[in-house]
Amino acid sequence: MQIEFPDGRVQQIEAGVTGSDIAKGISPSLEKKAVAISLNGELKDLNVPLTAGGKFRIITKDDPEGVEILRHDTAHVLAETIKELYPDAQITIGPVIENGFFYDIYRDKPFTTDDFEGIEQRMREIVDRNEPIQREEWDRDEAIKYFESIGEKFKAEIIRDIPAGQVISLYRQGKFLDLCRGPHLPSTGRLGKAFKLMKLAGAYWRGDSKNPMLQRIYGTAWATEEQLKQHLHMLEEAEKRDHRKLGREMDLFHMQDEAPGSVFWHPKGWTIYRELQNYIRRRISKVGYVEVNTPIMVDRILWEASGHWEKFHENMFISETEDKLFALKPMNCPCHVQIFRQGIKSYRDLPLRMAEFGCCHRNEPSGALHGLMRVRSFVQDDAHIFCQEDDITSETKAFCDLLMSVYKDFGFTDVRIKFSDRPEKRAGTDATWDKAEGALMEAVKASGLEYTLNPGEGAFYGPKLEFVLRDAIGRDWQCGTLQVDFVLPERLDANYIGSDGEKHRPVMLHRAILGSIERFFGILIENYAGKLPLWLAPTQVVIATVVDSANEYAKIICDQLKEAELRVGMDLRNEKISYKVRDLSVQKIPYIAVVGAKEAEEQTISLRQLGSQEQTVMTLKDFVAMMKANAAPPA
RNA sequence: GCCGAUUUAGCUCAGCUGGUAGAGCAUCUGAUUUGUAAUCAGAGGGUCGUUGGUUCGAAUCCGACAAUCGGCACCA
């Protein structure tokens, strides 16, 4: 039989030869770096005798698949360590995740992060022991019996659930035997020591909140110490940009115990917030949206009619007054239908694009709250497009164009789309869902954008597109959405008169670009690390004086900048200029205009931009013109 | 909501095995009039998250509650 290498070279091999043998044949150093092989796209252990030929590749620690195997092995070594140090613990599953792995463990006594040092120590010992890792294929019943005999009930349960006919493979290293699909390294010594335990958290068995709570140990693992160091450094950087920290440091907003999940916006934060809102206002009004505003508190009757009460009433804030039960609106759509229903609508009025920056409240579970990213009181850049079925494609395409253009203005160009179809619990008939999913699918195809399927994740009233953007440090955030809804217009009895003179149901497209403005604000702060583009910066420029005698001149400059509608401040404090420059830089002020006796004399300023040491001297007139031009928001 | 951790001055954090609190930065006052990332000196500031309990005595030990943090579950 023969194998073919990625470069096209073909080699004859005999049956029974292992990947390890082949690697050694190429070079001993390659064999040392190898972690597994890929045969016809399938990953296999290095030491498994080959029984067939085909497309062959040696996987090393440098390959993405190689690092995954290494992480998986690290999880196994963690499990082995846990069984050695805490024999009463039961192990469950330990998969690879981004940058590392975790292992879920059942044990009565909680672990603490103080245990990490001892665990890591023992893990390193197991690496030093260089235990061979061997694959074994077991009979299902034997495997169940074995794991039950050693008290590993969770493992036994997993094996029971493996579909019949599938091979039950176990991997043995030292005295430790774990259920695993593989592949694995040939021995624990190959792992290296570029790993670290990171976090401890609770996690439900099989992800179901009705099941027992397990303890999850998170770890990170890399091919080299250098990569581990880099990763830890990246985490530090992410921590530095945390919007909760920057929000406090930059005096943008705060939250307090008396209003958990709600934001107290400070003047600077609110300036940014309003800029964002007004930017969206300009963008949507240009493409045919109208803006409305609807009540925050609405009778439960409307929520029952829309279907929200049944599904979400536990997460709604309610208020009883006289004999009525009101709910704070968790979303705007039912209110928009009420506006649509006023008067008689003609097909000539469609598509009607109705936008609202409505304040919505959702009683999110306490454990879900997270800074600005998950709040209980928020505003979306929400809109509903009432249209005819034939309009879905063109409206979807127009929306995708708008959304991409908006994201681009914030510097987000890496955007992915997820197509989420019918969930298990849903409103509307299957025929309606067929129609809605078909129409949305056709629309997204027509938009020419790439998408991935996200089965079962649609809203209860319709399928949706979800727009995921990638930020400056590579994190993904789901922000925009577009949902096709045939259900709500029906339930809330919206209709229009068609060209045939008959009544028809409009289709509703629910859509948002930024999503929650609170959350998008947080994403922006972290994306820019607080260094906002000029048009968003709450203070765009500060005039800093070198001596008191320049104060009058500073005030003249300040007035002129205000006249040009710039957000300007003055630093007339009795401090050295280097102190002011440091202080204003720490505050992330985009521009500092320094003026002393010389500038006052010559009617100039000395300009310094955030992040640069350079000083540019320019005339006052040029300076004001330049600032005005640069501070203009995107169209 | 569930698991674990945390909560001390505006911020960041000390405070060992119980004897009623401390630093740096910030703030205020004074001196200094200064040329591009921290001038010097002094002062003020805390019911130690809230609330019960143990104790002669609690920031410290125990309980309840709240909020926050890390996850899980949830996310119209």
Side-chain angles (χ1 to χ4, degrees), chain A residues 102 104 110-114 198-218 242 244-245 248-249 251 254-261 303 306-316 329-334 360 362-371 373-376 380 382 423 425-427 457-462 464 478 481 483 485 487-488 510 515-516 519 544-551 573-587 592-599 606-616:
Chain A
F102 66 75
D104 281 351
F111 291 106
T112 76
T113 42
D114 294 338
M198 303 296 287
K199 281 184 293 203
L200 201 52
Y204 298 111
W205 166 236
R206 301 201 146 164
D208 189 330
S209 57
K210 290 185 208 78
N211 287 340
M213 179 66 72
L214 308 171
Q215 299 186 63
R216 178 170 294 178
I217 297 178
Y218 284 91
D242 190 308
R244 294 165 296 191
K245 181 175 142 78
R248 186 171 49 237
E249 285 172 3
D251 193 19
H254 85 271
M255 294 174 142
Q256 63 186 52
D257 291 3
E258 288 78 1
W303 305 113
S306 71
H308 290 97
W309 186 263
E310 191 195 342
K311 196 163 182 343
F312 292 113
H313 75 273
E314 282 183 355
N315 300 309
M316 288 162 77
K329 68 175 169 188
M331 48 174 13
N332 301 305
C333 30
C360 296
R362 295 179 186 176
N363 192 2
E364 303 286 3
S366 54
L369 301 180
H370 180 92
M373 300 306 188
R374 191 81 178 269
V375 289
R376 288 187 174 144
Q380 287 171 298
D382 193 17
K425 279 181 86 177
R426 57 181 182 262
E457 296 293 321
F460 77 89
Y461 47 71
K464 60 184 178 185
Q478 187 185 307
T481 182
Q483 307 164 5
D485 182 3
V487 174
L488 265 191
H510 306 241
S516 143
R519 182 161 172 275
T545 51
V546 181
V547 288
D548 287 350
S549 61
N551 287 1
R573 288 178 297 180
N574 177 9
E575 294 290 352
K576 286 169 59 164
I577 191 64
S578 49
Y579 178 90
K580 296 186 185 183
V581 165
R582 178 186 147 78
D583 191 42
L584 297 168
S585 300
V586 167
Q587 287 181 52
I592 304 171
V594 174
V595 293
K598 198 170 69 185
E599 287 80 4
S606 168
L607 193 64
R608 180 182 171 123
Q609 198 175 351
L610 182 60
S612 159
Q613 321 262 43
E614 230 171 286
Q615 299 161 40
T616 316

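Since the structure is predicted, the reported quantities are computational estimates derived from the model, not experimental observations. Letters A, B, ... are given to chains in the order of the sequence lines, protein chains preceding strands, and every chain is numbered from 1.
Here the C1' atom of nucleotide B:A38 and the CZ atom of A:R573 are 11 Å apart, to the nearest Å. In this structure, A:M198 atom CE and B:C69 atom C1' are separated by 15 Å, rounded to whole Å. For A:R374 and B:C69, the CZ to P distance is 13 Å, given to the nearest whole Å. Regarding A:L584, its CG atom lies at a distance of 11 Å from the C1' atom of B:U36, rounded to whole Å. Atom-to-atom, CH2 of A:W205 to C1' of B:C2 comes out at 17 Å; the value is rounded to the nearest Å. Counting to the nearest Å, the P atom of B:C69 and the CG atom of A:L200 are 18 Å from each other. Rounded to a whole Å, the CD atom of A:Q256 is 13 Å from the C1' atom of B:U68. Note: OH (A:Y218) to C1' (B:C72) measures 7 Å, nearest angstrom.
You'll find that the side chain of A:P330 is closest to B:A76, out of B:G71, B:A76, B:G35. Between B:C69, B:C74, B:G71, one nucleotide has an atom nearer to the side chain of A:A201 than all others, and that is B:G71. The side chain of A:I577 sits closest to B:G35 out of B:U33, B:U68, B:G35. Which of B:C11, B:U36, B:U33 sits closest to the side chain of A:D548 comes down to B:U33. Of the candidate nucleotides B:C72, B:A76, B:G35, B:G35 has the atom lying nearest to any side-chain atom of A:E599. With B:U39, B:A37, B:A76 as the candidates, the nucleotide lying closest to the side chain of A:Q613 is B:A37. Relative to the side chain of A:Y579, the nucleotides B:A26, B:C75, B:G71 differ in distance, and B:A26 lies closest. Of the candidates B:U36, B:C74, B:G70, B:C74 carries the atom nearest the A:P365 side chain, counting heavy atoms from C-beta on. Out of B:C75, B:A76, B:C72, the shortest distance to the side chain of A:M331 is found at B:A76. For A:S209, the side-chain atoms get nearest to B:A73 when compared with the rest of B:A73, B:G70, B:A37.
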> After noting the C-alpha distance and the side-chain angles of A:M331 and A:R362, does the key distance pass the side chain to side chain contact (heavy atoms under 4.5 Å, CB included) rule?
Replying inline: CA-CA 9 Å; A:M331 48 174 13; A:R362 295 179 186 176; 4.0 Å; yes

>> Using side chain to side chain contact (heavy atoms under 4.5 Å, CB included), reason through A:Q615 and A:V594 one step at a time and then give a plain yes or no.
In response: CA-CA 9 Å; A:Q615 299 161 40; A:V594 174; over 6 Å; no

>> Could you go through A:K210 and A:Y204, starting from their C-alpha distance and side-chain angles, then the distance that decides it, and tell me whether this counts as side chain to side chain contact (heavy atoms under 4.5 Å, CB included)?
In response: CA-CA 8 Å; A:K210 290 185 208 78; A:Y204 298 111; over 6 Å; no

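Taking only side-chain nitrogens and oxygens, A:R244 comes nearer than 4.0 Å to OP1 or OP2 of B:G70. At B:G4, none of the side-chain N or O atoms of A:K199 fall inside 4.0 Å of OP1 or OP2 (strictly under the cut-off). In this model, the phosphate group of B:G70 is approached by a side-chain N or O of A:H370 to a distance below 4.0 Å at OP1 or OP2. Neither OP1 nor OP2 of B:C75 sits under 4.0 Å from any side-chain N or O of A:R519. Between A:K311 and the phosphate of B:A76, there is no side-chain N or O to OP1/OP2 separation shorter than 4.0 Å.
Within 4.0 Å of A:S578, counting heavy atoms only, lie sugar-phosphate atoms of the nucleic acid but no base atom. When heavy atoms are screened at a 4.0 angstrom cut-off, A:F111 is found touching no nucleic acid atom at all. Counting any heavy atom pair closer than 4.0 Å across all strands shown, A:K464 reaches sugar-phosphate atoms only and no base atom. If you check every strand for non-hydrogen atoms under 4.0 Å, A:K598 touches a base. Residue contacts shown for A:G307 are absent, as no nucleic acid heavy atom lies under 4.0 Å away. At a threshold of 4.0 angstrom between heavy atoms, the contacts of A:A544 with the nucleic acid are absent. Residue-level contact check: A:N315 touches the bases, meaning some heavy atom is under 4.0 Å from a base atom. Nucleic acid contact for A:Y461: sugar-phosphate only, since backbone atoms but no base atoms lie under 4.0 Å from a heavy atom of the residue.
Here, B:U55 and B:U12 have their C1' atoms 34 Å apart, quoted to the whole Å. Across the C1' atoms, B:A23 and B:G45 are found 14 Å apart, a figure rounded to whole Å. For B:C75 and B:C28, the C1' atoms lie 48 Å apart once the distance is rounded to whole Å. The same atom, P, is picked in B:G49 and in B:G10; the two are 13 Å apart, to the nearest Å. Nucleotides B:A14 and B:A66 place their C1' atoms 26 Å apart, quoted to the nearest Å. The same atom, C1', is picked in B:U39 and in B:G35; the two are 15 Å apart, to the nearest Å. The separation of B:U8 from B:G15, taken at their P atoms, amounts to 14 Å, rounded to a whole angstrom. Across the C1' atoms, B:C74 and B:C3 are found 16 Å apart, a figure rounded to whole Å.
If you check distances only, the side chain of A:S606 does reach the base of B:U36 with a donor-acceptor pair under 3.5 Å. Residue A:R608 places a side-chain atom within donor-acceptor reach of the base of B:A37, judged by atom type and a 3.5 Å distance cut-off alone.
Of all non-hydrogen atoms in A:I592 and A:S585, the two that sit nearest each other are CD1-OG, 4.0 Å. Pairing each heavy atom of A:D485 with each of A:H510, the nearest pair is OD2-NE2, 2.8 Å.
Only one option out of A:Q483, A:K311, A:R426 pairs with A:Y461 in a side chain to side chain donor-acceptor pair (under 3.5 Å); it is A:Q483.
Listed for the A:R376 side chain is no donor-acceptor partner under 3.5 Å among the backbone atoms of A:N363. In this structure a side-chain-to-backbone donor-acceptor pair under 3.5 Å is missing from A:E310 to A:G307.
Between A:H308 and A:F460, the angle of the ring planes goes over 60°, which puts this pair in the perpendicular group of the 30/60° scheme.
Counting heavy atoms of neighbouring residues, nucleotides and ligands inside a 6.0 Å radius, atom CD of A:Q256 exceeds 12 of them. By the neighbour-count criterion of 12 heavy atoms within 6.0 Å, atom CD of A:E249 is densely surrounded, having more than that number from other residues, nucleotides or ligands.
B:A73 has no stacking from A:Y204 on its base ring, since the centres under 5.5 angstrom apart and planes within 30 degrees of parallel are not both found.
Positionally, the nearest nucleotide of RNA chain B for A:M213 lies more toward the 5' end than for the other of A:M213 and A:A459. The nearest heavy atom of RNA chain B to A:Q215 and to A:V594 marks one nucleotide each, and the one closer to the 5' end goes with A:Q215.
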>> Can you give me the dot-bracket string for RNA chain B, 5' to 3', counting Watson-Crick and G-U wobble pairs with both distances under 3.5 Å, using [ ] for crossing pairs and | for partners on another strand?
In response: (((((((..((((.....[..)))).(((((.......))))).....(((((..]....))))))))))))....

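Checked for salt-bridge contact, A:R244 and A:D242 meet the test: a charged N lies under 4.0 Å from a carboxylate O.
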